[in-house]
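First comes the structure, then the notes that go with it.
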Amino acid sequence: MNSPILQLLVLAGIAVFLVLRLRSVLGTREGFEKPPAPAPADDRRRAARDFEVIDGGPDHDIIDHVAEDSDAAKALAAMKRVEPSFSVSEFLSGARGAYEMILMGFERGDIAELQTFLTDDVYETFSEVVEQREQQGLTIEAEFVGVRELTLADASFDDASGLAEITVRYVGELTSVVKNANGEVIEGSATAVKRQKDIWTYARRMGADDPNWQLVATDE
């Protein structure tokens, strides 16, 4: 065997040896790579505490509407324990729509369709007022402008019965005109927007199949 071929074989062997050594030290992109150094124990414990704080933190669906340590907050939390799907924000959104529907039904004297959303006492009171207006020959033409303010004023929950009550404070805007039997305007204006303040309390038995809240009390 001549020397050039022998030298070539020797060099090739050395190259293969170096490649194998490098692969054993550095590894490959497809194979094993050196794992990251484990985090110190203190860092692991700190991360665990941070997770626990986030996981068990305050319920913003509640504290966005009432003070965190208030009786109302405790009552709302109790409602959620009985009915986990209950959402305070969704309730208030529904209360906004209910205010317009009930208020306009009362103003216009169309309360028959509202009976499902009113307790018997409230429905009877509304009916008496509407009847008195009709006896006097009065009619009201009202247009709802919107809810300027809506806040959750209070909440209570009875553990024994499951009865929940939530009180909402409204500031509504509407136009209202009162006319006599001759169609003459005796009060109000069709163009002047007036503000009306109301405090309404809704009730419902949590966990019941019926999802509807009923208006149980009105105040100003």
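Here, residue 1 is the first one in the sequence, and each next residue gets the next number. Please read all numbers here as calculations on a predicted model, not as lab measurements.
- Other residues sharing a hydrophobic cluster with Val177 under the 4.5 Å side-chain heavy-atom criterion for ILVMFWY residues are Val185.
- No more than 12 heavy atoms of other residues, nucleotides or ligands shown are found within 6.0 angstrom of NZ on Lys197.
- The shortest side-chain heavy-atom distance between Leu76 and Asp61 does not fall under the 4.5 Å cut-off.
- Under the 4.5 Å side-chain heavy-atom criterion for Ile, Leu, Val, Met, Phe, Trp and Tyr, Val129 and Val178 are members of distinct hydrophobic clusters.
- Partners of Glu100 according to the salt bridge (charged side-chain N to carboxylate O under 4.0 Å, His left out) rule, which considers only residues two or more places apart in sequence or in another chain, do not exist here.
- Shown here is Gln135, whose CD atom has more than 12 heavy atoms of other residues, nucleotides or ligands within 6.0 Å.
- With values rounded to the nearest 0.5 angstrom, Gln214 atom CD is found 8.0 Å from Thr116 atom OG1.
- A pairwise comparison of heavy atoms in Ala203 and Leu163 identifies CB-CD1, 4.3 Å as the closest pair.
- A pairwise comparison of heavy atoms in Val82 and Gly207 identifies CG1-N, 4.4 Å as the closest pair.
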Fill in: Leu215/Phe117 under side chain to side chain contact (heavy atoms under 4.5 Å, CB included): CA gap, chis, key distance, verdict
CA-CA 6 Å; Leu215 180 63; Phe117 306 101; over 6 Å; no
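- Atom OH of Tyr202 is separated from atom CG of Leu92 by 10.0 Å, given to the nearest 0.5 angstrom.
- Both Trp200 and Met101 belong to a single network of hydrophobic side chains, linked directly or stepwise wherever heavy atoms of I, L, V, M, F, W or Y lie under 4.5 Å apart.
- Inter-residue side-chain proximity for Tyr170 and Leu103 is flagged as unmet; no heavy-atom pair is nearer than 4.5 Å.
- Of all heavy-atom pairs between Glu90 and Ser87, the closest is N-OG, 3.2 Å.
- Under the 4.5 Å side-chain heavy-atom criterion for grouping Ile, Leu, Val, Met, Phe, Trp and Tyr, Val145 is not connected to Ile140 through any hydrophobic cluster.
- Note on Phe91 and Val216: separate hydrophobic clusters, where clusters join Ile, Leu, Val, Met, Phe, Trp and Tyr whose side-chain heavy atoms are under 4.5 Å apart, directly or indirectly.
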Worksheet item: How far apart are the C-alpha atoms of Ile186 and Leu138, what are their side-chain angles, what is the distance that settles it, and do they pass the side chain to side chain contact (heavy atoms under 4.5 Å, CB included) test?
Response: CA-CA 9 Å; Ile186 62 174; Leu138 302 177; 3.6 Å; yes
Fill in: Leu174 and Met104: CA distance, side-chain angles, deciding distance, side chain to side chain contact (heavy atoms under 4.5 Å, CB included) verdict
CA-CA 9 Å; Leu174 66 155; Met104 290 297 96; 3.7 Å; yes
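- Distance check, rounded to the nearest 0.5 Å: NE2 of His65 to CG of Asp59 gives 9.5 Å.
- Heavy-atom minimum distance, Val168 versus Ala95: CG2-CB, 4.4 Å.
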Worksheet item: Given the rule in the side chain to side chain contact (heavy atoms under 4.5 Å, CB included) test, do Leu118 and Gln115 qualify, once you have shown the distances and angles that lead to the verdict?
Response: CA-CA 5 Å; Leu118 312 175; Gln115 191 166 5; 6.0 Å; no
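- Linking ILVMFWY residues whenever their side-chain heavy atoms come closer than 4.5 Å, directly or via other members, places Val147 and Leu114 in the same cluster.
- When every heavy atom of Ala78 is checked against every heavy atom of Asp159, the shortest pair comes out as CB-OD1, 4.4 Å.
- Within the 4.5 Å cutoff, no side-chain heavy atoms of Glu187 are placed close to those of Ser176.
- For the pair Arg133 and Phe106, the cation sits on the ring face: its NZ or CZ lies under 6.0 Å from the ring centre, inside 45° of the axis.
- The shortest non-hydrogen separation linking Pro58 to Ile63 is CB-CD1, 3.7 Å.
- Atoms CE and CZ, on Met206 and Arg81 in that order, are 11.5 Å from each other to the nearest 0.5 Å.
- Taking the six-membered ring for Trp and thresholds of 30 and 60 degrees, Phe86 and Trp213 have ring planes inclined between 30 and 60 degrees apart.
- Put simply, the side chain of Ser189 gets close to the backbone of Thr191: a donor and an acceptor are under 3.5 Å apart.
- Counting only heavy atoms from C-beta outward, the side chains of Asp198 and Thr218 never approach each other to under 4.5 Å.
- In this structure, OG1 in Thr201 is found 10.5 Å from CZ in Arg169, a value given to the nearest 0.5 Å.
- In this structure, Thr125 contributes its side chain and Asp121 its backbone to a donor-acceptor pair below 3.5 Å.
- The salt bridge (charged side-chain N to carboxylate O under 4.0 Å, His left out) test applied to Glu83 returns Arg204, not counting sequence neighbours.
- Between the side chain of Asn182 and the main chain of Glu184, no donor-acceptor pair closer than 3.5 Å is present.
- Taken from OG in Ser70 to CG in Asp154, the straight-line distance is 8.5 Å, to the nearest 0.5 Å.
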